[in-house]
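Data first, discussion second: the structure below is written as structure tokens.
Naming: A, B, ... by sequence-line order, numbering from 1 per chain. Keep in mind the model is a prediction, meaning the values are calculated, not measured.
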There are 4 protein chains.
Amino acid sequence: MKVRIPKRQKGINTKQRILESAIRMFAQKGFYKTNTKEIASGAGVPVGSFYAYFKNKKDVLYASVDYYNTLIASNIINFQDTINYENLDIRSMLKQIVNNAIKAHQVLPDFHNEITFLINTDPKIKTNMEKSIQYATKKTEETLNKMKDSIRVKNTRISSVLINRTVEDFIHFIIYGKPEYDRNLLIDEFIDMLSCYLSKSQ
Amino acid sequence: MKVRIPKRQKGINTKQRILESAIRMFAQKGFYKTNTKEIASGAGVPVGSFYAYFKNKKDVLYASVDYYNTLIASNIINFQDTINYENLDIRSMLKQIVNNAIKAHQVLPDFHNEITFLINTDPKIKTNMEKSIQYATKKTEETLNKMKDSIRVKNTRISSVLINRTVEDFIHFIIYGKPEYDRNLLIDEFIDMLSCYLSKSQ
Amino acid sequence: MKVRIPKRQKGINTKQRILESAIRMFAQKGFYKTNTKEIASGAGVPVGSFYAYFKNKKDVLYASVDYYNTLIASNIINFQDTINYENLDIRSMLKQIVNNAIKAHQVLPDFHNEITFLINTDPKIKTNMEKSIQYATKKTEETLNKMKDSIRVKNTRISSVLINRTVEDFIHFIIYGKPEYDRNLLIDEFIDMLSCYLSKSQ
Amino acid sequence: MKVRIPKRQKGINTKQRILESAIRMFAQKGFYKTNTKEIASGAGVPVGSFYAYFKNKKDVLYASVDYYNTLIASNIINFQDTINYENLDIRSMLKQIVNNAIKAHQVLPDFHNEITFLINTDPKIKTNMEKSIQYATKKTEETLNKMKDSIRVKNTRISSVLINRTVEDFIHFIIYGKPEYDRNLLIDEFIDMLSCYLSKSQ
DNA sequence: GATGAATGAGGTTTCATTCAT
DNA sequence: CATGAATGAAACCTCATTCAT
């Protein structure tokens, strides 16, 4: 049976509510422990409606990832736009970037965590996530190129790949890692690491 | 039904074969998509035997994680022992450590990924994995302390936490990230980053 | 909800379009694998409209069978009317009849098959089909009676029942049977059989 | 999940009971109106057992057709062997063949009816049924060849195809056709038709 | 003890029909 | 009216675990 493309406002709302319920559930209990009936009733609709708007459970997962990526991307862009790169030294700039990224990821922290590991299970999610990462990497590379004279790295392409991934992983660690160690100390240490790596002279 | 503790060699072999079959399956298809019958028949035994050696499906998972941690740990230790820290500069040492870690993780790359996914599902696995990480972190801290005079980091505790996690994540990236970028270039860049962070003078 | 009886041309067209869509679908995928939404969208109308013109799914099926029977009957009659019985020997006449029947059935070959399948599921369809058959049988009987002197069969009633059924089944065979054997040879042989049976002297 | 191949007698019995229940149900209510739970409970087992032995509903249908074909084939062979062709005129021989075929088909009359129409829905069933028919046709051809001198048909190949199909269809008619007309009269008329077609002189 | 058959709860998915807008 | 969203019963199928032989 084909999925329904909502035409009236009511249908659009229902679809959105189901999607949000799915994201909530996946974040809370993980993909495999969530069942479609729960997703539906979490959105206040019967199962039938779930299958009216989504082909199957995988389908909502894909939609959720899409939704999440778009959300994070727009968040990061919004935050990044507030940074005034001109007046900042590298260390301060890094601090802002990392803090912004943390903020951006805190919209749906557990969902992020859930999909990070589904990535390797499902090629569709992988492709989807890679697109987001590529976009972010390109942005970083542009920034590095602008600063080329004041930084020590030469291969800005490979460097931006490394930085992006490292920042992403670190944020993941900060958000999900147990708080045994002082968060701020860790962040400072991390920024110190990046700053050493990027700054021409210490 | 009590779980059987194998006493003769035959029983030990059977249990081990089931465990290995489980690890293989979990790595290939993930925990939730693997069923006990498959695990059993992958080991060449009937389902009944599975339940003779393991309480339930979760039980093999725990055993698998234990087994994996022990394996990786002993692998890393074996590799690490071959390093002669005395004669090495920081950069060469880091190179060795990273390469060893990559080698150590390549024993069962997909299983590692699966566990990372399951950590959030099961507190027992979380605890178990954390123990391994703590052990590794402690080792790193000891090493850093020995080198205290020749490195720039001061808080060796927080630094070792950061390094361990960063290395771990980077290896994960190297193993699962698609090889769009030159692996060796990425590794060199990563080592460069760590080296800048650790070395007193560049 | 009452079934709407269309009064203006627009409504009549819609009902007809739904009916034709249903016949098409039933023929292609069978009654049980076709759903009302498909029928509706095949006619370019929303499901709601389907239920405006037909009480339920069974209802279109009945209408389809009716429509089909009428269609075939009028087809056969049209074809039959072109035969000039006066100038023909039995063999030539049979040839014309069989060929006409084949042509008549080729309008919706798969739908015919589907109905045959459903006959056993639904008494209404059975009755409906039987009426058509009775009508055809009566026609055959009349023809046989007219030719009584030149044919060898005596009980024209039982003979027309046999002939009708045999022709019907043979056509079904010709249309659905795989073409491993030469179609024309088979038709000739079949006509030979009927002709031997009917002709007084060979 | 793979289907189970029963190794112990108990399992073999269970599978057979499920198969027989399925045949019974399909015959009574038709394929689409029978559900797997019913089939299972008709065999006195839970659904799980059904799916242990059969991949899905279609799978039992295939198995049922196989089983049925084998049954009919052995029945026909048994009956046919009792005919002493030497001492019989064509008419008596035909009478025996038709009567035997009717008897053979009465093992599971409704099931035969059900699958006849599923044939065109499912290629697997089609192939399967065609094999049986080809076998029967070959047998008929051999018989015709033996009698070549005393019969009027020349192309025994095409003739046997026609005869087999015609007999099959007629039996179907006799068994499922409503008894409005005298069965024995119809059979006699049918034999008359075949006999005219086959006999050299009437 | 070893085997593989049995169990059935629980998950996924479909769709005829109704009904609100 | 016309539309398409909502409903939920009922079908399909899976599998961890137990248990009889």
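- We find that B:E114 and B:K29 are not joined by a salt bridge, their nearest charged nitrogen and carboxylate oxygen being 4.0 Å or further apart.
- Counting heavy atoms from C-beta on, the side chains of B:L118 and B:Y32 come closer than 4.5 Å.
- In the set E:dT12, F:dT14, E:dA16, the nucleotide with an atom closest to the side chain of D:Y51 is F:dT14.
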Check nucleotides 5-8 of chain E against the protein and report each pair of N or O atoms closer than 3.5 Å, with its distance, or say if there are none.
unit_1, atom_1, unit_2, atom_2, d
E:dA5, OP1, D:K7, N, 2.8
E:dA5, OP1, D:R8, N, 3.3
E:dA6, OP1, D:T14, OG1, 2.6
E:dA6, OP2, D:Y53, OH, 2.8
E:dA6, N7, D:R4, NH2, 3.1

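- For the pair A:F50 CZ and E:dT12 C1', the computed distance is 10 Å after rounding to whole Å.
- Listed by chain and number, the residues in a salt bridge (Lys or Arg N to Asp or Glu O under 4.0 Å) with C:K58 are C:D122 (sequence neighbours excluded).
- Within the 4.5 Å cutoff, the side chain of B:F54 has heavy atoms near those of the B:K15 side chain.
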Pairing string, 5' to 3', for DNA chain F - Watson-Crick or wobble contacts under 3.5 Å, brackets [ ] where pairs cross, | to another strand: .||||||||||||||||||||
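- A cation-pi contact links B:K57 to B:F31, judged by a cut-off of 6.0 Å to the six-membered ring centre and 45° from its axis.
- Residue A:K55 is the one, among A:K55 and C:K58, whose nearest nucleotide of DNA chain E lies closer to the 5' end (criterion: closest heavy atom).
- Inter-residue side-chain proximity for D:V45 and D:F50 is flagged as unmet; no heavy-atom pair is nearer than 4.5 Å.
- As judged by a 4.0 angstrom heavy-atom cut-off over every strand, B:T34 is placed among residues touching the sugar-phosphate backbone only.
- In this model, the phosphate group of E:dC15 is not approached by any side-chain N or O of C:T36 to a distance below 4.0 Å at OP1 or OP2.
- Counting heavy atoms of neighbouring residues, nucleotides and ligands inside a 6.0 Å radius, atom NZ of B:K131 does not exceed 12 of them.
- Put simply, B:K37 has no side-chain N or O that comes within less than 4.0 Å of OP1 or OP2 on F:dC15.
- Using modelled atom types, one finds a donor on one side chain and an acceptor on the other under 3.5 Å when comparing C:Y67 with C:Q16.
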